[in-house]
Amino acid sequence: MAPIKVLLWLLLTMVIVAIVCEILGWPFLRAPAERLLNEKLERTVKLEQPFQLHLWAGVQLDLGHLFISAPASFTAPHLVDAHNISLKLRYRDLWQYTKNNQLRIREIKVDQIDAQLLRQADGTSTWQFPKDESQPDSPFPIIETLVVKNGSSKIDDAISQAAVDAKFRTEEGSNSQETMHSELSINGKFQNKPVKAFLETAGFLPIATQDQNSPPIKSKGWMEYAKLRIDFDGQISDLFGKKNIQGKAVATGSSLGILGDLVGTPLPTTDPFRLSATLDKTSDIWNIDIDSAKVGKSSLSAQLKYDPRTDDTVPLLQGHIDGSRFYLADLAPAFGTSKPDGTKAAPAGNRAIPDRPLDLPSLNQVDMDISLKLDYVELGNAFALPISPLKGHLKIYKGRFTVEDILARTADGTLSGTLSVDAGEPPVKANSRQYAPQWQIKLAWKDIVLEKWLQVSKTRQEEARKQGKTVPPPYVTGTLNGKTDLTGKGSSTAALLGSLNGKTTLFIEQGQISRLIVELMGLDVAQSVSAWLGGDQSLNMQCALMDLKATNGIIKPEVALIDTPVTLLLINGNVDMGEEKLDLLLAAKPKNFSPLTVRSPIKVQGTFVQPKVSPEAVPIAARLLGSVALAFINPLAAILPYLDTGSKSNSYSCSQALAHFNQQQKPQ
């Protein structure tokens, strides 16, 4: 019996010791636990008083101060510094953790916690710990109740270019969302631009769970990034799993380019905008329904689908964009008149063409397949009729941006063609630093009625009303046909125009031109005054043709003439788009007698910003006019057979006009 008594006394002693230790909180385990964590984590870990551990009916740890140091390679004061912590676990949850590697925590309460989350460009971070490669990765713990009264964190990530300070507090764990409330605020920089954000939700825990069946949590917040603001009201679920998001978002800003910078998708520089959209993200796929988009003065809508696809391919954005009213002037910022943040960009020096570099390399970040339909395109004050409608297909594939299948209708005519920019990887043999994006513009316009299309100036309209007359027609009427096939290269509008190569042909049939304009261009003072005093009567244009050739940014008319019953007008010279210089000669030969006709060609020179117009010396006028006409005859004969006007040709052809004039120039 003695051994049994000894065993019973020993067991009783152990029970008494356990009870005493339970009452005292197992204080002697603090130091061994601290040494064990130091060894396992290879960091300085401090578990400071008060230390209370209770093991009855589960594990409960109350700790006065928890400190975990950052790695030695970081200058951060710590990884975690927390005060007044309470942790509760159930034994059955610990048992399940040994079986499925999923830890469930009954409760965590913290009065104050600060975390320093830093990551360097090579991927090393303050939250990295030694890992047992033989053990599988553990998912984020399931926490049933979380209370953080005062939380803060510094996030400095060289990879995502985020450097922000975050503050948060939460009190959650009830089954009813109405009783839970969590807040998160962020202030700092993202991609070297200022960012602020605020999120309030019914709880972080249901969002963070990896349970696909967890209910969505109502969330509301806002973000300010550079000159952009986004407001969101909706619900979020499974943040560490599928990251599902549904809700309404409103974005306002100085330029769509800022929004594209934030989400990593190339969007054009624009005037101020406001977007209202419904977001639906399930797994990795975003469905975006933009019910209202105000960009500048334009009104648009869109339905888009964003698919990040695999790691081997860039994301894909597809869908369609519609527009009830679009202003062509709203495209100007995309071609360099504004900086990406929406502020104005003035060309360097005494220049007129925008020279701001466009972010064309970003076209390699995403592929696009979007149909485009604009019901009404406002062209500006010079045009009486809009384009209605305009259709096209916008594609980006491997850095090549294309707007193809363009079809626009205006003034009984059509505009069709393709615009493309290739900003993909340069050819193998090309020097990547010298390789510029390649542009191509192929457009054709057919049967556009100029008297319907062109706007009569408000001044002429007002003068006609004062005189009790009907509003006069535009200075030029007729049916316009033509085509252009141009190529260029460069990362700015100025570089593109300064490198143009190709041809543009314009042809007007069955047209008329203001007699006042013709007489002024011929410097016929008497006829001009007569036309101005007696009314500006229009003259039939027996021929109007321009065939322009571009060579390395220098545009030269191979043929440029207007023939009326009273005057033949010829244009020669060139326009240097790269240097923004003019060097043109307008030579007019009146066919009627006028005592005050100067009969001298007009020179147009200078720059785009400061053009200079002056008459050529009289003694050489006839010789210049004859040489211009002779220079045009052969190019004209070459181009006339290829003109596809789409309508009936005039009986009086351009070739006849020049042949007749050339005959008159021969000495008698």
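We count residues from 1, following the sequence as given. Side-chain atoms are counted along with the backbone in the values below, which use heavy atoms only and exclude waters and symmetry mates.
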Quiz item: Is it true that Arg30 and Glu34 have a side-chain N and a carboxylate O under 4.0 angstrom from each other?
Solution: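 The answer is yes: the pair qualifies as a salt bridge.
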Quiz item: Between Arg229 and Glu224, is there a side-chain N and carboxylate O pair less than 4.0 Å apart?
Solution: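 Counted as a salt bridge, because a side-chain N and a carboxylate O are separated by less than 4.0 Å.
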Of the non-hydrogen atoms in [X] and [Y], which two are nearest, and what is the gap between them?
{"X": "Ser125", "Y": "Arg43", "result": "O-NH2, 4.4 Å"}
{"X": "Leu317", "Y": "Val366", "result": "N-CG2, 4.2 Å"}
{"X": "Ser276", "Y": "Lys248", "result": "OG-CE, 3.3 Å"}
{"X": "Pro333", "Y": "Ala329", "result": "CD-O, 3.9 Å"}
{"X": "Phe232", "Y": "Gln246", "result": "CZ-O, 3.5 Å"}
{"X": "Leu331", "Y": "Phe326", "result": "CG-CZ, 3.8 Å"}

To the nearest 0.5 Å, tell me how far [X] [atom1] sits from [Y] [atom2].
{"X": "Cys21", "Y": "Trp26", "atom1": "SG", "atom2": "CH2", "result": "4.5 Å"}
{"X": "Phe190", "Y": "Asp157", "atom1": "CZ", "atom2": "CG", "result": "9.0 Å"}
{"X": "Leu496", "Y": "Gln438", "atom1": "CG", "atom2": "CD", "result": "10.5 Å"}
{"X": "Ser86", "Y": "Leu61", "atom1": "OG", "atom2": "CG", "result": "8.0 Å"}
{"X": "Leu55", "Y": "Tyr91", "atom1": "CG", "atom2": "OH", "result": "4.5 Å"}
{"X": "Ile68", "Y": "Trp127", "atom1": "CD1", "atom2": "CH2", "result": "14.5 Å"}

Heavy-atom distance under 4.5 Å between the side chains of [X] and [Y], does that happen here?
{"X": "Trp286", "Y": "Ile245", "value": "yes"}
{"X": "Lys154", "Y": "Asp165", "value": "yes"}
{"X": "Leu358", "Y": "Val421", "value": "no"}
{"X": "Leu275", "Y": "Leu259", "value": "yes"}
{"X": "Leu360", "Y": "Ser362", "value": "no"}
{"X": "Lys297", "Y": "Asp271", "value": "no"}
{"X": "Ile230", "Y": "Val250", "value": "no"}
{"X": "Leu300", "Y": "Ile290", "value": "no"}

Any side-chain to backbone donor/acceptor pair from [X] onto [Y]? Under 3.5 Å, distance only.
{"X": "Thr282", "Y": "Asp280", "result": "no"}
{"X": "Ser255", "Y": "Pro340", "result": "yes"}
{"X": "Asn38", "Y": "Val45", "result": "yes"}
{"X": "Thr270", "Y": "Leu256", "result": "yes"}
{"X": "Ser491", "Y": "Pro357", "result": "no"}
{"X": "Thr126", "Y": "Gln116", "result": "yes"}
{"X": "Gln52", "Y": "Leu24", "result": "yes"}
{"X": "Ser492", "Y": "Arg356", "result": "no"}
{"X": "Thr337", "Y": "Ala332", "result": "yes"}
{"X": "Asp330", "Y": "Ser298", "result": "yes"}

Under 3.5 Å donor-acceptor pairs involving side-chain atoms of residues 71-85, not counting sequence neighbours:
residue, atom, partner, partner atom, Å
His78, NE2, Asp114, OD2, 2.7
Asp81, OD1, His65, NE2, 2.5
Asn84, ND2, Asp111, OD2, 3.0

Quiz item: Under the side-chain contact (heavy atoms from CB on, under 4.5 Å) criterion, do Ile288 and Leu279 qualify, and how do the steps go?
Solution: CA-CA 5 Å; Ile288 307 167; Leu279 307 179; 4.0 Å; yes
Quiz item: Taking atom CZ of Arg106 as the centre, does the number of heavy atoms from other residues, nucleotides or ligands within less than 6.0 Å exceed 12?
Solution: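 Open.
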Quiz item: Is it the case that more than 12 heavy atoms not belonging to Lys489 sit under 6.0 Å from its NZ atom?
Solution: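 Not buried by this count: 12 neighbours or fewer within 6.0 Å.
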Exercise. Answer yes if the side chains of Asp291 and Ser301 hold a donor-acceptor pair under 3.5 Å, and no otherwise.
Key: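 Judged by distance alone, the side chains do not pair up.
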Self-check item: Lys218 and Thr201: side chain donor to acceptor below 3.5 Å
Solution: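 No.
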Exercise. Evaluate the side-chain contact (heavy atoms from CB on, under 4.5 Å) criterion for residues Arg169 and Lys149: first the C-alpha distance (whole Å), next the side-chain angles of each, then the deciding distance (0.1 Å), finally the verdict.
Key: CA-CA 5 Å; Arg169 64 183 184 89; Lys149 294 182 179 179; over 6 Å; no
Quiz prompt | Residues forming a side-chain hydrogen bond (donor to acceptor under 3.5 Å, both in side chains) with Thr124, sequence neighbours excluded | solution =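 For Thr124, the residues satisfying side-chain hydrogen bond (donor to acceptor under 3.5 Å, both in side chains) (neighbours in sequence not counted) are Gln120, Asp122.
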Quiz prompt | Residues Leu53, Val59; criterion side-chain contact (heavy atoms from CB on, under 4.5 Å); working and verdict | solution = CA-CA 7 Å; Leu53 176 64; Val59 178; 4.0 Å; yes
Quiz item: Can Phe335 and Thr269 be said to form a side-chain contact (heavy atoms from CB on, under 4.5 Å), step by step?
Solution: CA-CA 8 Å; Phe335 287 90; Thr269 301; over 6 Å; no
